[in-house]
Amino acid sequence: MTTYEELLDEASQDDVLVLENVHFESRSNGLINGKVIGLSDRLETSIEKACTTAEEMGHFHTTVGNILDPTKPENRKQEHTARLWAYNRMITLDKLIAAWEHGCRNRYEIAEHLEVTEAFLQEAINSYRSKIGISIVHGNYLVTFEPVFNIRRLVWMHVIEEG
């Protein structure tokens with residue numbers, strides 16, 4: 001099952017209807033109104049649809065009211081919160097590490113493995129960097145976000161003192 005199909009199942013479990021190939025006058029890739037998500041007819045791949053569906057599901061779970069006016073700070077904050085929800089759904093540190101263990105060594109390969117767009121992956125990495133800082137130890141891995149994104153397995157040495 002693809003990530004997009006999983007998201008469609010999750011939406012269905014929440015009684016959310018996802019409509020594809022909707023023509024929007026705006027440049028939006030997706031919009032949600034109540035329990036109906038519309039995906040733009042400009043989205044060509046299931047990967048693009050998955051990223052947009054994840055963000056709109058983020059709105060379903062986190063947004064209150066009409067936030068279409070981006071000039072209002074509270075709307076921008078809710079937009080940001082919905083995106084964070086989507087990043088956390090699609091790209092966790094564990095999933096990044098699993099992609100690395102699978103042999104993915106660059107953004108293109110990681111994005112392909114995680115079934116997200118490279119732009120969505122980069123936005124998630126930027127989000128992690130702003131939240132976490134330049135690096136984090138996660139399990140037996142060092143994940144660095146600056147100066148470049150990288151994952152390295154850590155080798156721990158145990159020193160036993162004899163006395």
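Screening I132, D94, L154, L96 for a side chain to side chain contact (heavy atoms under 4.5 Å, CB included) involving H138 leaves a single residue, D94. No option in V18, I47, T45, T52 other than V18 meets the side chain to side chain contact (heavy atoms under 4.5 Å, CB included) test with Y4.
Residues N126 and F145 are not in side-chain contact: their nearest non-hydrogen atoms beyond the backbone lie 4.5 Å or more apart. In this structure, T144 and V148 have side chains that are not in contact, with every pair of non-hydrogen atoms separated by 4.5 Å or more. At a threshold of 4.5 Å between non-hydrogen side-chain atoms, the residues N29 and E48 do not count as touching. No side-chain heavy atom of N75 sits under 4.5 Å from any side-chain heavy atom of L68. Residues T81 and T63 have side chains not in contact (no heavy-atom distance under 4.5 Å, counting atoms from C-beta outward). The closest side-chain heavy-atom distance from W100 to R152 is below 4.5 Å. Between F60 and I37, every side-chain heavy-atom pair lies at or beyond the 4.5 Å cut-off.
Atoms CD and CD, from E5 and E10 in turn, are 12.5 Å apart once rounded to the nearest 0.5 Å. Within the model, atoms CZ of R153 and CG of N140 stand 6.0 Å from one another, a figure rounded to the nearest 0.5 Å. The line from CD1 of I32 to CG of L39 is 10.5 Å long, rounded to the nearest 0.5 Å. One finds the CD atom of E79 at 9.0 Å from the OG1 atom of T62 (value rounded to the nearest 0.5 Å). Annotation: the span from S135 atom OG to N150 atom CG amounts to 11.0 Å, rounded to 0.5 Å. With rounding to the nearest 0.5 Å, the separation of NZ in K95 from CE in M90 is 7.0 Å.
Side chain of S12 to main chain of L8: no donor-acceptor pair is present (N/O by atom type, distance under 3.5 Å, no hydrogens or angles). The backbone N or O of S28 sits less than 3.5 Å from a side-chain atom of R42, completing a donor-acceptor pair.
Put simply, L84 and M57 are part of two different groups of oily side chains (I, L, V, M, F, W, Y) that touch within less than 4.5 Å, one to the next. Residue F24 is grouped with residue V36 when hydrophobic side chains (ILVMFWY) are merged at heavy-atom distances under 4.5 angstrom, including chains of intermediate members. Under the 4.5 Å side-chain heavy-atom criterion for grouping Ile, Leu, Val, Met, Phe, Trp and Tyr, L31 is not connected to L7 through any hydrophobic cluster. With hydrophobic clusters built from ILVMFWY side chains whose heavy atoms lie under 4.5 angstrom apart, L114 shares a cluster with Y141. Hydrophobic clustering (side-chain heavy atoms under 4.5 Å, transitive across Ile, Leu, Val, Met, Phe, Trp, Tyr) keeps L93 apart from W85.
Surrounding OH of Y108 are at most 12 heavy atoms belonging to other residues, nucleotides or ligands under 6.0 Å away. Residue-environment remark: NZ (K35) exceeds the threshold of 12 foreign heavy atoms within 6.0 Å.
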#### Entry: Residue pair E146, R129: steps toward the salt bridge (charged side-chain N to carboxylate O under 4.0 Å, His left out) verdict
CA-CA 8 Å; E146 286 183 18; R129 182 176 54 229; 3.5 Å; yes
### Task
Using the side-chain contact (heavy atoms from CB on, under 4.5 Å) rule, take I67 and H59 through it: C-alpha gap first, then chi angles, then the decisive distance, then the call.
CA-CA 10 Å; I67 65 164; H59 284 294; 3.5 Å; yes
#### Entry: Residue pair L142, I151: steps toward the side-chain contact (heavy atoms from CB on, under 4.5 Å) verdict
CA-CA 6 Å; L142 174 64; I151 299 173; over 6 Å; no
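Remark: E56 engages no residue in a salt bridge (charged side-chain N to carboxylate O under 4.0 Å, His left out) (not counting sequence neighbours). Listed by chain and residue number, H113 satisfy the ring-ring contact (aromatic ring centres under 6.0 Å, His included) test with H102 (two or more places apart in sequence, or in another chain).
In plain terms, the two heavy atoms of E115 and T2 that are nearest each other are OE1-CB, 3.4 Å. Residue G38 comes nearest to V22 through the heavy atom pair CA-CG2, 4.0 Å, listed as atom of the first residue, atom of the second, then distance. Of all heavy-atom pairs spanning V64 and Q78, the tightest one is N-OE1, 2.6 Å.
A centroid separation of 6.0 Å or more is found between the aromatic rings of Y128 and Y87.
The closest side-chain donor-acceptor pair between D69 and T71 falls under 3.5 angstrom. For the residue pair Q13 / D9, no side-chain donor-acceptor distance below 3.5 Å is found, with atom types taken as modelled.
Salt-bridge annotation for E20 and K49: present, with a side-chain N of the basic residue lying under 4.0 Å from a carboxylate O of the acidic one. A salt bridge is absent between E118 and R107: the closest approach of a Lys/Arg side-chain nitrogen to an acidic carboxylate oxygen does not fall below 4.0 angstrom.
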